[in-house]
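Heads up: the structure comes next, in structure tokens.
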Amino acid sequence: MKRILVLGCTGSIGTSTLEIVRNMGDDFQICGLTAHSNKERLSALTTEFNCKSVLTSENNPDAIKNLLEETKPDIVVNGIAGAAGLLPSKTVLDAGINLALANKETVVMAWPLIKQLAEKNNAAVIPVDSEHSAIFNLVHQVNQKNVDKIIITASGGPFRTFTREQLENVTVEQALNHPTWKMGRKITIDSASLANKGLEVIEAVRLFDISADDIQVVVHPQSLIHSLVRTKDGMLYAQISDPDMKHPIFSALTWPENKETYLSPFDLFDSTMTFFRPRINDFPMLGYAFEAAKKSKSYTIAYNAANEEAVAAFLDKKTGFTAIPRIVRSVLDKDWTYEPRSFDDVFEQDKKARKLAQEMI
Ligand code: NDP
Ligand code: MG
């Protein structure tokens, strides 16, 4: 019986995780839960799972540490949205506990520090992001030394076929209407602008220690193939399932075992798979991410922070959709050559980028 603690249990990732535990009661037990603003839901879930819980925010940094000490989980799922998920990841790894990581910002902002901490405390970081879960599993199967290229699939989002002119006038409601995935608001906007794919390119460069030049993004609107690995002998290996985050979460929770799932297997019959090149000129956030991944240092922190501010402004209807890449571009054009040596350094760069983005907004 694995003891699971869920950070961000009221969100999309958190909800899928709890759904798995409801169906796999003999294998998993929820020992702790956190949320941020949704007190009522947290309280209902705490009663349902008969566990400890706490409301967390940047203002109570010890809350998660204390909860970990009280509940002693075997694995923690980090489903917190945005940069707010970074310190919780650090806290989990500080305690030497395995981390099932959906919060991609942790990797984008501070991977070198996170990796060092995980190694020092002998804790595993298991990716939950569907593309990275796919690559993680594929790389283990084909062996890292044989990997030549990583091919990350993208749904293309709701505006895949929109012209540049149409993109100028899209509304928040249209951007929130994702064709294949049901997710939180921020990541849904990122999927529409391809910033999510951009963050995922950076995430892949770091998690799999591969050059950005060896990563390719392919638009695959059905979201059935979650990513592919090309081996040096020219073979392509793909991971396929229905687009449901419960698959990668299940895989992370059961890792390193390959347990039988209760989720329905994918049926190849009557399915169609198509592939397109990403329109990088019309969706500049993807190109900027490749640039930030190559420059590294504080560029990826700036990319993430400026995008978070721009997306929040778009959701508040203070800016248009195409202002998002313009804001991020202007922030990336500043000097981000400082190499962060501590988490404090990371947050300093994050703050600087947010301030610049706010000035632009
Ligand atoms: P949601 O917005 O649905 O949920 C976010 C969760 O984080 C909620 O439980 C929320 O609590 C909590 N939270 C929000 N702000 C804070 C804060 N300042 N401090 C602590 N907790 C906070 O997000 P998603 O589930 O969509 O995404 C979570 C992470 O997973 C993101 O990094 C995203 O990129 C990644 N991810 C998500 C996927 C998906 O399918 N949703 C797919 C792949 C990756 P409350 O509700 O109480 O406010
Ligand atoms: Mg993803």
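In listed order, ligands and their atoms are each counted from 1. Just so we're clear, the structure is a prediction, and the values are computed from it rather than from any experiment.
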Look at [atom] and say which protein heavy atom is nearest, naming residue and atom and giving the distance to 0.1 Å.
| atom | value |
| --- | --- |
| atom 36 (N) of ligand 1 | I187 CD1, 3.7 Å |
| atom 16 (C) of ligand 1 | H36 CG, 3.4 Å |
| atom 6 (C) of ligand 1 | G79 O, 3.4 Å |
| atom 8 (C) of ligand 1 | T10 OG1, 3.4 Å |

- Return yes if a side-chain donor-acceptor contact under 3.5 Å exists between D94 and T91, otherwise no. no
- Item | K52 versus T46, closest heavy-atom pair with distance | C-CG2, 4.5 Å
- Task: Kindly give the heavy-atom pair with the smallest separation between Y288 and V328, and that separation in Å.
- Result: CD1-CG1, 4.3 Å
- What are the protein N, O or S atoms, given as residue plus atom name, that sit under 2.8 Å from the Mg ion (ligand 2)? D129 OD1, E131 OE1, E200 OE2
Of the listed options ([options]), which comes nearest to [atom] when hydrogens are ignored and any heavy atom counts?
| atom | options | result |
| --- | --- | --- |
| atom 29 (C) of ligand 1 | I80, N196, L33, V128 | I80 |
| atom 7 (O) of ligand 1 | C9, G14, A81 | A81 |
| atom 2 (O) of ligand 1 | P243, S12, G184 | G184 |

Around [X], counting heavy atoms of other residues, nucleotides and ligands shown, do more than 12 lie under 6.0 Å from its [atom1]?
| X | atom1 | result |
| --- | --- | --- |
| K65 | NZ | no |
| M235 | CE | no |
| R3 | CZ | yes |

Atom pairs and distances, donor-acceptor, side-chain atoms in residues 354-361, under 3.5 Å, two or more places apart:
{"residue": "R354", "atom": "NE", "partner": "D350", "partner atom": "OD1", "Å": "3.3"}
{"residue": "R354", "atom": "NE", "partner": "D350", "partner atom": "OD2", "Å": "2.8"}
{"residue": "R354", "atom": "NH1", "partner": "E308", "partner atom": "OE1", "Å": "3.4"}
{"residue": "R354", "atom": "NH1", "partner": "E309", "partner atom": "OE2", "Å": "2.9"}
{"residue": "R354", "atom": "NH2", "partner": "E308", "partner atom": "OE1", "Å": "3.2"}
{"residue": "R354", "atom": "NH2", "partner": "D350", "partner atom": "OD1", "Å": "3.2"}
{"residue": "Q358", "atom": "NE2", "partner": "E309", "partner atom": "OE1", "Å": "2.5"}

- Query: Quick check: does G11 get an N/O under 3.5 Å from an N/O on ligand 1?
  - Reply: yes
- Polar proximity ligand 1 side, N38 side, N/O cut 3.5 Å exclusive: yes
- Item | Contacts of D27 that satisfy side chain to side chain donor-acceptor pair (under 3.5 Å) - sequence neighbours left out | K259
- Element-labelled atoms of ligand 1 that are located less than 4.0 Å from some non-hydrogen atom of M245: 40 (O), 42 (C), 43 (C)
- Task: Show your reasoning for whether salt bridge (Lys or Arg N to Asp or Glu O under 4.0 Å) applies to K232 and D148.
- Result: CA-CA 5 Å; K232 287 176 182 155; D148 180 35; over 6 Å; no
- Item | Any residue meeting ring pair (Phe, Tyr, Trp, His ring centres under 6.0 Å) with F321, in chain and number order, not counting sequence neighbours | F159, F314
